Amino acid sequence: MSNPAVPPRSLAEALRARDDVSLAALLRARPDLITPVPTDLTQLATRAGTRASVVRALERLGRFALQTAEALAVAADPAPYGELLALLSGDDGDPAVSAALPRALGTLREQALVWGDDDRLRLVRTARELLAPSPQHPSPTGLGPTVQEATAGMSPGRIQEIVTAAGLGSTHDAVSAVASLTALFADRGRMSALLAGLPEESRQVLSRLVWGPPYGQVTAEPAVHLRRLLDLGLLVPTAPGTVVLPREVALHLRGGRAHREVAPLPPAVEPAATHRPQVVDATAAGQAYTAVATVEELLKDWDEGGPAVLRAGGLSVRDLKRTAVALDVAEPVAAFWVELAYAAGLLASDGEADERYAATPAHDEWLEQPAAQRWVRLAEAWLTATRVSGLVGGRDAKDRTLSALGPGLDRGAAPDVRHRVLTLLAGLPEGASPSAQSVLARLRWERPQRREDDLRSRLAEWTLKEAELLGVTGRGALSGHGRALLGAAAPKTPDAVAQGPGDKLPVHHRPTAAPEPLSPAEQATASAAAARLLAPLLPEPLDHVLLQADLTAVAPGPLQRSLAEVLDVLADVESKGGATVYRFTPGSVRRALDAGQAASDLHAFLVAHSRTPVPQPLTYLIDDVARRHGHLRVGAASAYVRCDDDALLNEILADKRAAGLRLRRLAPTVLAAQADPASLLDGLRAMGFAPAAESAEGDVLITRAHAHRTPPRTAPEPVPDGPPVPDATLLAAAIRAVRAGDLASTTPRKTTDQPPLSTGELPRTSSAETLATMQAAVLTGEALWIGYVNAEGAASQRVIAPVRVEGGFVTAYDHTADEVRTYPLHRVTGVAELAEEEGPLSTG
C-alpha cells in the first residue's frame with residue numbers, strides 16, 4: 001500500500017492509498033467498474049477513466065457536485081482548493097457554497113472523478129475533456145479558452161502588439177508575453193482600470209459574451225469599439241470572422257464565478273397542502289381497495305381468454321379501448337392496470353398457436369389472499385417494474401407505436417425514480433402533499449445531466465399519478481401503509497433534528513442521500529407491516545344487497561366474493577361507483593337458469609341476501625322465465641327441437657323469423673333444423689323463446705363459463721439501468737481479489753540481469769530455472785513472484801511461498817489468495833525472487 005505521507009502521482013496510487021471501506025463505496029457508486037472484476041488497482045483506475053464509465057458517473061451526479069467538476073475543468077490542473085472555492089463562490093464569497101463544497105468534493109473523490117490532496121486537486125483526464133471548453137463542445141459554464149489557448153495560433157509579432165497596447169512592457173518571446181497578458185487579466189485592480197478606459201459600446205459587447213457562448217462574429221473591417229477590444233486582447237480571433245472572449249476576461253467580468261447560478265443546496269420539496277394523517281390513510285385505503293377490485297375485474301373479464309396477441313406483441317388499440325370501456329376508465333389508466341397485472345405475474349400470454357392473453361395460475365392463488373395482501377403484491381410489482389405504461393401510444397426509435405403489453409416499454413430508470421419520489425414524500429411531515437413542480441425541481445437538481453428528453457421528469461409525473469391510483473398516496477400525501485412499504489420511518493419534526501453548521505433550512509430542504517434499496521428480507525418485513533396497517537382501513541365485504549321495485553339491486557359497498565359471483569350471473573351491472581347497481585332482465589335470469597340454478601334456488605338466494613323485501617315484479621320475472629326455460633329442447637341431429645307442446649312447435653314453424661333455421665317437423669313433438677345447436681339456440685332466443693340445450697342422453701346441459709388459464713408463468717424480470725449495485729458479499733470478494741492482484745503486480749522483485757518488466761507483464765524463465773528457484777525457496781522459506789496461466793488461458797501474477805515441489809506440481813501458500821494452493825509447474829510462465837526488505841511477509 002502506498003505511503004500516505006507521499007502525495008499520489010496518479011489515480012492508481014490514490015486508489016492504492018484507500019482502505020476497503022472507501023473502495024467499496026466507489027464500486028457501489030460505480031458498479032460498472034466491477035463488471036468484470038479488475039485484476040488490480042491499476043486496471044481499476046484505467047477502467048474508471050474510460051469515456052463510457054466517466055459519462056455514466058457524471059450523469060449520476062447532483063447539480064452542485066457536477067458544478068464542482070465543471071469548475072475544476074476550467075481551473076488550473078492541478079488546482080488548489082482555494083481556487084476551486086473562488087470559482088464557485090466568486091470574489092464576494094458565499095457561505096452556503098463554502099459549507100457545501102467539502103461534501104461535493106468528497107463525492108467526486110469517492111467516485112474517483114477527482115484525486116489528489118487539497119493543494120493539488122486533479123480532475124480525471126476524461127472528465128476534463130468532456131467538461132472543458134472547446135469550440136466543438138462549449139463548456140456548461142459558458143467560459144471560453146484561456147489566453148494561452150486562444151493565442152496558440154497567433155503570430156509572435158501580433159502578441160507583442162497586444163501586450164504593448166495593454167500598457168505592458170514588450171518581452172523577448174511570445175510565451176512570456178502571453179504570461180504577462182494572463183497576469184494582467186487575472187489582476188482585479190489593473191483589469192478594472194483597463195475596462196474603465198473602454199467606450200460604453202465596447203463594454204456592452206463584452207457583457208453580451210460574458211455568460212456564454214463566448215464566441216462572436218465580426219466583419220473583415222470591425223467597428224472602432226470592436227477594434228479596440230481586439231487590440232487589447234480582450235477579444236481574440238480564432239477563425240476568419242470569429243472572435244472569442246478569453247476565460248480570464250470573462251471571470252473578471254463575472255466577479256470570479258464559473259457559473260451564473262450556483263446551487264449548493266437542493267430546492268425544497270414544499271408542501272402544497274396538509275391533511276390529517278387519518279384522512280390521508282382512509283383516502284388511500286379506499287383507492288387501494290379500488291385498485292385490487294379493478295385488477296380483479298380486469299382478469300374476470302379475460303377469464304375465458306382475453307384479447308389476441310399482436311404479431312409484434314402486445315394489445316391492439318381496439319382491444320385497449322374495449323378494456324377501458326369494460327373497466328369504465330380512460331385508455332391510459334386501462335394501460336396502467338393491464339401492465340400492473342402483467343408485472344405482478346397475474347396476466348400473461350397463453351403461448352398457444354392462436355395466442356391470447358389470459359390469467360395465470362398465480363391469479364387463482366392471489367384471489368384467495370386477503371385484500372391487504374393482494375394490494376401489497378400489486379404495490380411491490382409496481383415499485384420494481386421497469387415497464388412504463390405512460391409510454392403506451394408513443395413512438396419508438398423506429399417510429400412504431402408502443403402498445404400495452406408490447407415490447408419497448410422497459411425503462412431501467414423507472415424503479416429508481418419511483419423510489420426516489422416516494423422517499424421525498426416520506427421526508428415531508430405526515431399528511432403533507434407536495435406540489436408536482438417542487439418534486440420535479442428536486443429531481444432535476446439531483447440528476448441534472450440527462451440525455452433522454454427529460455425522461456426522469458416524465459417518470460416522476462407518472463409516479464405521482466400512479467401512486468394515487470394504486471393507493472400508495474392519498475390526496476397527494478404518502479399514506480401510512482405506503483410509508484411502511486418503503487421501510488421509511490415517520491419524519492421527525494424540525495425541532496427534533498440536529499442542525500448542521502450554518503444549516504437554517506427546513507429538514508426537507510437539506511441535501512440527503514437516497515436510502516439503499518431494501519434487501520429481499522427487509523422488503524418482506526416492510527410489506528408485512530404495510531399489510532397490517534392497511535387491513536383495518538379496508539371496507540368489510542357486505543353479505544347483502546337492496547332490492548328495488550324497478551328490477552334493480554343496489555350493492556351499497558363491496559360484496560363478498562360468493563355473493564358477487566352469483567349476482568354477476570343473475571343480473572347485469574348497470575352502473576358502478578360507491579354503490580353498484582345491478583339490473584335483472586329476462587336474459588340475465590335465463591343465464592342463471594342455464595348455469596344450473598332452479599327458480600326456487602334464485603328465490604331463496606334473493607331472500608337470504610336482500611335487506612329489503614323481494615319485489616313482486618322480480619318474483620314474477622323469475623317465475624315467468626323459469627316456466628318457459630327448458631320447455632324446448634335443442635340437441636344434435638344436425639340440430640333438433642323437441643317439445644311436449646305441439647302447439648308451441650306449430651307457432652315456431654309459422655313464425656317468419658324461423659325461415660333462416662330451415663325447420664321441418666319430424667314428429668308431432670320434434671323439429672329438425674339445418675343449423676348447428678348453438679345457432680339454433682341463439683335463433684330461438686332471438687325470437688323470444690327460452691330453449692335449453694340437452695346432451696346426447698337427453699339431459700339438460702348446464703352452461704358454465706370455462707376459465708382459461710395460461711401455463712405457469714413468472715412475472716417479467718425488470719431490465720436494470722446499467723449494472724446492478726453489488727451486494728456486500730460480492731464487494732468483499734471483489735476487493736479481496738483486486739488487493740491480491742495489486743500485491744502481485746506491485747511487490748518489489750530482486751534485481752536480475754534480465755531487463756525490467758513492464759506493468760502487467762508476466763515473468764519469463766526456463767523450466768529448469770523455474771524448478772530450481774522453487775526448490776531453493778522451499779529450503780529457505782522465501783516468497784516468490786510468479787506468472788501463472790490457468791486452464792482457461794487467463795494469465796495472472798501471484799506471490800507464493802513454496803512448501804513442496806514434487807510430481808510436476810508446487811504446493812505453496814498463495815499470499816494473493818490467502819490460502820494454500822497447488823499449481824502445475826508447466827503453467828508457471830516464470831519466477832522471480834522478491835526484495836527481502838519489502839516482501840509481503842515483512843509488511844505484516
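Just so it is clear, the structure is predicted and the values come from calculations on it, not from any experiment.
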I'd like to check [X] versus [Y] (side-chain heavy atoms, cut-off strictly below 4.5 Å). Are they in contact?
| X | Y | result |
| --- | --- | --- |
| Pro723 | Arg30 | no |
| Leu443 | Leu424 | yes |
| Arg444 | Arg63 | yes |
| Tyr289 | Thr294 | no |
| Leu570 | Ser588 | no |
| Trp302 | Pro307 | yes |
| Trp366 | Leu378 | yes |
| Leu567 | Leu559 | yes |

Without swapping roles, check the side chain of [X] against the backbone of [Y] for a donor-acceptor pair under 3.5 Å.
| X | Y | result |
| --- | --- | --- |
| Gln287 | Leu469 | yes |
| Arg418 | Trp382 | yes |
| Ser457 | Leu440 | no |
| Arg713 | Ser349 | yes |
| Ser610 | Val607 | no |
| Arg387 | Ala343 | no |
| Arg60 | Arg447 | no |
| Arg411 | Thr386 | no |
| Asp350 | Arg356 | yes |
| Ser527 | Gln523 | yes |

Can you confirm whether the side chains of [X] and [Y] place a donor and an acceptor under 3.5 Å from each other?
| X | Y | value |
| --- | --- | --- |
| Glu270 | Ser438 | no |
| Thr729 | Asp727 | no |
| Arg395 | Thr401 | yes |

Query raised in the report: Between His419 and Leu486, is a side-chain contact (heavy atoms from CB on, under 4.5 Å) present by the stated rule, with each step listed?
Result: CA-CA 8 Å; His419 190 269; Leu486 289 177; 4.2 Å; yes

If I take atom [atom1] from residue [X] and atom [atom2] from residue [Y], how far apart are they, to the nearest 0.5 angstrom?
| X | Y | atom1 | atom2 | answer |
| --- | --- | --- | --- | --- |
| Arg276 | Asp281 | CZ | CG | 10.5 Å |
| His363 | Arg374 | NE2 | CZ | 9.0 Å |
| Leu478 | Ser433 | CG | OG | 11.5 Å |
| Leu422 | Leu485 | CG | CG | 8.5 Å |
| Thr552 | Leu547 | OG1 | CG | 8.0 Å |
| Glu461 | Glu466 | CD | CD | 11.5 Å |

**Report entry** Check against side-chain hydrogen bond (donor to acceptor under 3.5 Å, both in side chains), Asp319 and Ser316
**Finding:** CA-CA 5 Å; Asp319 287 329; Ser316 68; 3.0 Å; yes

Requested in this report: Decide side-chain contact (heavy atoms from CB on, under 4.5 Å) for Val392 and Leu409; before the verdict, give the C-alpha distance in whole Å, the side-chain angles of both, and the deciding distance to 0.1 Å.
Outcome: CA-CA 8 Å; Val392 173; Leu409 296 184; 3.9 Å; yes

So which atom in [X] and which in [Y] form the shortest heavy-atom distance, rounded to 0.1 Å?
| X | Y | value |
| --- | --- | --- |
| Leu391 | Gly408 | CD1-O, 4.5 Å |
| Leu315 | Ser403 | O-CB, 3.3 Å |
| Val388 | Ala414 | CG2-CB, 3.9 Å |
| Ala531 | Ala372 | O-CB, 3.6 Å |
| Pro448 | Gly62 | CD-C, 3.9 Å |
| Gly313 | Pro407 | O-CD, 4.0 Å |

Query raised in the report: Asp572 pairs by salt bridge (charged side-chain N to carboxylate O under 4.0 Å, His left out) with which of Arg590, Arg583, Arg591?
Result: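 When salt bridge (charged side-chain N to carboxylate O under 4.0 Å, His left out) is applied between Asp572 and each of Arg590, Arg583, Arg591, only Arg591 qualifies.
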
Query raised in the report: Hey, mind stepping through Tyr582 and Val554 against side-chain contact (heavy atoms from CB on, under 4.5 Å) and telling me if it holds?
Result: CA-CA 6 Å; Tyr582 295 86; Val554 177; over 6 Å; no

Requested in this report: Evaluate side-chain hydrogen bond (donor to acceptor under 3.5 Å, both in side chains) for Thr473 paired with Glu468, printing each intermediate quantity in order.
Outcome: CA-CA 5 Å; Thr473 60; Glu468 195 74 13; 2.6 Å; yes

Requested in this report: Tell me, with the steps shown, if Leu563 and Phe605 meet side-chain contact (heavy atoms from CB on, under 4.5 Å).
Outcome: CA-CA 9 Å; Leu563 173 58; Phe605 170 80; 3.3 Å; yes

Query - Candidate pair Arg442 and Glu446, rule salt bridge (charged side-chain N to carboxylate O under 4.0 Å, His left out), full reasoning - result: CA-CA 6 Å; Arg442 178 62 168 263; Glu446 292 180 348; 3.3 Å; yes

